[in-house]
> 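Encoded as structure tokens, here's the structure I'll be asking about.
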Amino acid sequence: QLQLVESGGGLVQPGGSLRLSCAASGFTLGYYAISWFRRAPGKEREGVSSISSSGGSTKYADSVKGRFTISRDNAKNTVYLQMNSLKLEDTAVYYCAAVAGTGPVGSSWRSYKYDGWGQGTQVTVSS
């Protein structure tokens, strides 16, 4: 069964950092591309970042490029999202999603038919 669990969220001040983790259970993460999405109350879900199964290809939303870094450790069955220079606008519930496949992440990654989603972890940026 394809199960994902996010962790690492919390309350941080503007300019601070958090590292989110997405851990896989019941499947081998190395066969899947992983994407991070976020949703704030009353707002549409937004694609944040994506990484290919090998880790060799990544995508970032313009709003986070240069501040966030996605990475993976397939031996630990975990994908990470390092978030630096956090802004108030980054406040949201962050979700990871997995889709089977190899090769580079395509330009339409936000619209992939994802095979599984995590439950989400809350990130709150506030002074």
> If I compare all heavy atoms of A33 with all of R72, which pair ends up nearest, and what's the gap?
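Heavy-atom minimum between the residues: CA-NH1, 4.1 Å.
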
> Can you tell me how far apart OH (Y95) and CD (E46) are? Round to the nearest 0.5 Å.
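Between Y95 OH and E46 CD, I get 13.5 Å after rounding to 0.5 Å.
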
> Specify the closest pair of heavy atoms between G30 and S53, including all atoms of both residues, with the distance to one decimal.
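Heavy-atom minimum between the residues: O-CB, 3.3 Å.
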
> About how many Å separate CZ of R19 and OG1 of T69, when rounded to the nearest 0.5 Å?
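The distance works out to 12.0 Å.
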
> List the atom of V5, the atom of Q119, and the distance in Å for their closest heavy-atom pair.
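In terms of heavy atoms, the two residues are closest at CA-OE1, 3.6 Å.
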
> With the 4.5 Å side-chain cut-off for hydrophobic clustering, are Y112 and V48 part of the same group?
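No, because Y112 and V48 fall into different hydrophobic clusters, even though each may have its own neighbours under 4.5 Å.
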
> Please evaluate residues S35 and V99 with respect to the criterion side chain to side chain contact (heavy atoms under 4.5 Å, CB included), reporting the C-alpha separation (whole Å), side-chain torsions for both, the decisive distance (0.1 Å), and the verdict.
CA-CA 8 Å; S35 298; V99 60; 5.8 Å; no

> With S57, which residues qualify under side-chain contact (heavy atoms from CB on, under 4.5 Å), at least two apart?
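Per chain and number, S57 pairs via side-chain contact (heavy atoms from CB on, under 4.5 Å) with S52, P104, V105.
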
> Kindly give the heavy-atom pair with the smallest separation between I34 and C22, and that separation in Å.
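Looks like CG2-SG, 4.4 Å.
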
> Return the minimal non-hydrogen interatomic distance between A24 and L29, and the atom names on each side.
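Answer, listing the atom of A24 first, then L29: CB-CD1, 3.7 Å.
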
> Considering all heavy atoms of both residues, which atom of V123 and which atom of M83 are nearest to each other, and what is their separation?
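Heavy-atom minimum between the residues: CG2-CE, 3.8 Å.
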
> Measuring from atom CD of E6 to atom SG of C96, what distance do you get when rounded to the nearest 0.5 angstrom?
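Result: 4.0 Å between the selected atoms.
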
> May I ask you to decide if G9's main-chain N or O and T121's side chain share a donor-acceptor pair within less than 3.5 Å?
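Yes, because the side chain of T121 sits within donor-acceptor range (under 3.5 Å) of the backbone of G9.
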
> Could you tell me whether the side chain of S63 and the main chain of A61 form a donor-acceptor pair under 3.5 Å?
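Absent.
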
> To the closest 0.5 Å, what do you measure between CD1 (I70) and NZ (K59)?
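With rounding to 0.5 Å, CD1 (I70) is 12.5 Å from NZ (K59).
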
> Nearest 0.5 Å, please: how far is CG in L86 from OG1 in T124?
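T124 atom OG1 to L86 atom CG measures 10.5 Å (nearest 0.5 Å).
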
> Any pair with a residue in residues 60-80 that passes ring-ring contact (aromatic ring centres under 6.0 Å, His included), sequence neighbours left out, goes on the list, sorted by first then second residue, please.
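Of all non-adjacent pairs touching residues 60-80, none passes ring-ring contact (aromatic ring centres under 6.0 Å, His included).
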
> Listing request: all ring-ring contact (aromatic ring centres under 6.0 Å, His included) pairs with a residue in residues 2-56, at least two apart in sequence or in separate chains.
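Residue pairs with at least one partner in residues 2-56: F27-Y32, F37-W109, F37-Y114, F37-W117.
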
> Treating Ile, Leu, Val, Met, Phe, Trp and Tyr as nodes and any side-chain heavy-atom pair under 4.5 angstrom as an edge, say whether V79 and V93 lie in one connected cluster.
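Different hydrophobic clusters.
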
> If I take atom CD from residue E44 and atom CZ from residue R39, how far apart are they, to the nearest 0.5 angstrom?
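That separation rounds to 8.5 Å.
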
> Working note: L11 + S126, criterion side chain to side chain contact (heavy atoms under 4.5 Å, CB included); need CA distance, chi angles, decisive distance, verdict.
CA-CA 7 Å; L11 174 65; S126 176; 4.0 Å; yes

> Taking side chain as C-beta onward, heavy atoms only, is R67 less than 4.5 Å from K87?
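R67 vs K87: side chains touch.
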
> For N84 and S17, which I'm curious about, is there any donor-acceptor pair between the side chains at under 3.5 Å?
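The answer is yes; a qualifying pair exists.
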
